[in-house]
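To start, the structure under review is shown below, and the notes come after it.
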Protein chains: 2
Amino acid sequence: MTARRPESEPPTDAAAARPVERTRDADRTRAEILAVATAEFADRGYAGARVNEIAEKLSTTKRMIYYYFGGKEQLYVAVLEQAYGRIRALEQQVDVEHLEPVAAIRELAGLTFDHHEAHPEFIRLVSIENIHRAEHLAGSPALAGLAAPAVDVLAAILQRGRAEGVFRDDVDALDVHQVISAFCVFRTANRHTFRVIFDRDMLDPATRDHQRRLLGDLVVAHLTTR
Amino acid sequence: MTARRPESEPPTDAAAARPVERTRDADRTRAEILAVATAEFADRGYAGARVNEIAEKLSTTKRMIYYYFGGKEQLYVAVLEQAYGRIRALEQQVDVEHLEPVAAIRELAGLTFDHHEAHPEFIRLVSIENIHRAEHLAGSPALAGLAAPAVDVLAAILQRGRAEGVFRDDVDALDVHQVISAFCVFRTANRHTFRVIFDRDMLDPATRDHQRRLLGDLVVAHLTTR
DNA sequence: CCTCTTATGTACCAAGTGGTGAGTTGTGGA
DNA sequence: TCCACAACTCACCACTTGGTACATAAGAGG
């Protein structure tokens with residue numbers, strides 16, 4: 001093998017390449033391609049993104065895309081896998097075990113809210129992948145156990161809430177997750193058409209707290225109403 | 001041989017389908033192009049759709065696309081305008097004035113639910129347009145008053161509910177609309193990735209009633225909780 | 001019947017598309 | 001030191017893309 005930089009994968013390594021230090025580094029080149037491709041695919045969709053365009057924004061050449069990834073589609077799949085991988089990593093850091101059920105639900109919903117707001121390009125990739133009926137995602141093995149964290153944590157909270165008698169006992173954890181996701185994803189994914197039609201920017205910082213509270217209220221009300 | 005096939009007319013056509021077989025009919029040609037283009041753009045996105053592909057599925061030629069619409073982008077805008085126009089027409093048929101507030105909200109949410117489920121290709125177009133940051137929609141005048149119906153009806157219901165003391169008095173109509181839309185749009189728009197990740201088909205007919213009730217419960221709980 | 005406008009069909013193109021053949025150079029290990 | 005191979009560059013291509021020049025046929029009106 002070749003020069004392995006000790007840098008053990010700083011994930012958000014963007015195209016911040018030093019122009020002077022132009023050494024050979026497979027990991028760095030690969031990461032740069034992925035970063036640029038992620039931005040490009042998220043920006044224009046799979047069909048809209050151009051390999052040539054990605055190449056031009058690289059400090060290396062188009063040939064390297066094919067050298068490392070094989071083709072446009074494989075590059076796109078790699079982008080998806082990396083994006084989902086990062087999301088999983090973040091979700092696993094959730095720790096709400098010490099909170100009482102209602103507070104825990106609010107916290108979990110709030111974290112999901114923050115998280116989606118902080119990663120609009122991920123939401124875009126998800127939207128794009130849905131346009132393609134998740135056909136690339138379906139063939140990828142990189143999403144094993146991707147569902148578990150979020151839903152497991154949620155199920156545990158619901159269980160505690162039921163035991164304490166504060167939550168209804170007929171609510172499914174995945175239903176709750178679906179509701180939370182729907183709210184959070186919609187805000188980002190449908191931001192533009194919603195703004196044009198209803199003249200409201202759902203991501204306006206001025207209404208952020210209100211929206212965040214709205215989500216919490218919504219879920220808690222549902223869980224505590226009989 | 002100029003005999004036109006007696007049109008296997010896709011669902012809702014714009015041009016009055018006269019039984020008379022006309023060899024030349026601008027309205028019909030235009031409508032056919034729009035119908036095929038709608039299917040194609042919804043299926044593959046703006047960049048993914050091919051003018052040649054649309055042309056091949058036509059009983060006329062590619063030249064007609066440019067004759068009637070000018071180009072790919074203008075055709076796409078026309079598709080968007082027609083789609084939104086139809087949606088508006090449907091929304092204006094909502095009549096829940098005679099119901100008591102809680103039932104009215106449930107009915108409105110349920111109608112929205114049904115409506116989104118019945119028009120997946122519209123949801124796809126909306127997703128696609130969001131990928132393009134609604135830039136085509138923004139420049140189109142065809143959406144004046146598109147927001148009014150849904151939100152006005154909702155506001156009236158909330159008003160009555162407040163007057164009768166069954167609803168909270170601090171809930172914004174557009175917030176409620178946003179929540180309902182989020183739930184309904186998410187089900188269709190994110191169906192595929194959600195199925196792959198969470199192994200649940202949100203559009204599975206077997207869980208349709210449950211999902212529909214869930215949305216009603218969610219909104220009513222929020223409106224009636226203090 | 002003739003003519004003029006509208007509607008339609010055929011053949012074609014320049015620019016861009018994803019993708020590659022083949023050679024060049026840096027670098028770690030023997 | 002030197003070599004083998006990974007990392008990289010550059011020029012190139014077959015094919016598709018959106019778009020168009022031009023010929024022509026069908027009706028409406030006179």
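Keep in mind it's a predicted model, so treat the numbers as computed, not measured.
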Report yes or no: do A:Glu121 and A:Thr38 form a side-chain donor-acceptor pair below 3.5 Å? no
Report yes if a side-chain nitrogen or oxygen of A:Tyr66 is closer than 4.0 Å to either non-bridging phosphate oxygen (OP1 or OP2) of C:dG19; otherwise report no. yes
Per atom distances to the A:Lys62 side chain, the nearest of C:dA7, C:dG18, C:dG9 is C:dG18
Is the NZ or CZ atom of B:Lys72 positioned over B:Tyr46's six-membered ring, under 6.0 angstrom from the centre and within 45° of the axis? yes
So, B:Asp175 and A:His210: side-chain donor and acceptor under 3.5 Å apart, yes or no? yes
Distance, rounded to the nearest Å, where B:Leu75 contributes CG and D:dG19 contributes P: 10 Å
Assign each of B:Met64 and A:Glu53 to its nearest nucleotide of DNA chain C by heavy atoms, then name whichever residue's nucleotide is nearer the 5' end. B:Met64
Would you indicate which nucleotide in C:dG9, C:dG21, C:dA7 comes nearest to any side-chain atom of B:Arg63? C:dG9
For a 4.5 angstrom cut-off between non-hydrogen side-chain atoms, does B:Glu129 reach A:Val196? no
Using a 4.0 Å heavy-atom cut-off across all strands, classify A:Ala49 as base, sugar-phosphate, or nothing. sugar-phosphate
Establish, with yes or no, whether the OP1 or OP2 oxygen of C:dT8 is under 4.0 angstrom from a side-chain nitrogen or oxygen of B:Thr29. yes
Starting at CD of B:Glu40 and ending at C1' of D:dT17, how long is that distance when rounded to a whole Å? 14 Å
Under 3.5 Å, is there an N or O donor on one side and an acceptor on the other linking the side chain of B:Lys72 and the base of D:dG19? no
Does OP1 or OP2 of C:dT8 have a side-chain N or O of B:Tyr67 closer than 4.0 Å? no
Contacts of B:Arg50 and A:Thr61 projected onto DNA chain D by closest heavy atom; the upstream (5') one is A:Thr61
For C:dG28, does the base pair up with any side-chain atom of A:Arg24 as donor and acceptor (N or O, under 3.5 Å, distance only)? no
Roughly how far apart are B:Arg187 CZ and B:His116 NE2, rounded to 0.5 Å? 10.5 Å
For B:Tyr76 and D:dG18, what is the distance between atoms OH and P respectively, to the nearest whole Å? 15 Å
When we call it a touch if two heavy atoms are under 4.0 Å apart, what does A:Tyr68 touch: a base, just sugar-phosphate, or nothing? sugar-phosphate
B:Phe69 CZ to D:dG18 P: how many Å, rounded? 16 Å
Can you tell me the distance, in whole Å, between the CG atom of A:Asn52 and the P atom of D:dT17? 16 Å
Please report the distance, rounded to the nearest Å, between CG in A:Asp25 and C1' in C:dG26. 13 Å
Whole-Å distance, B:Leu58 CG to C:dT8 C1', equals 12 Å
Whole-Å distance between D:dA7 P and A:Ile65 CD1? 16 Å
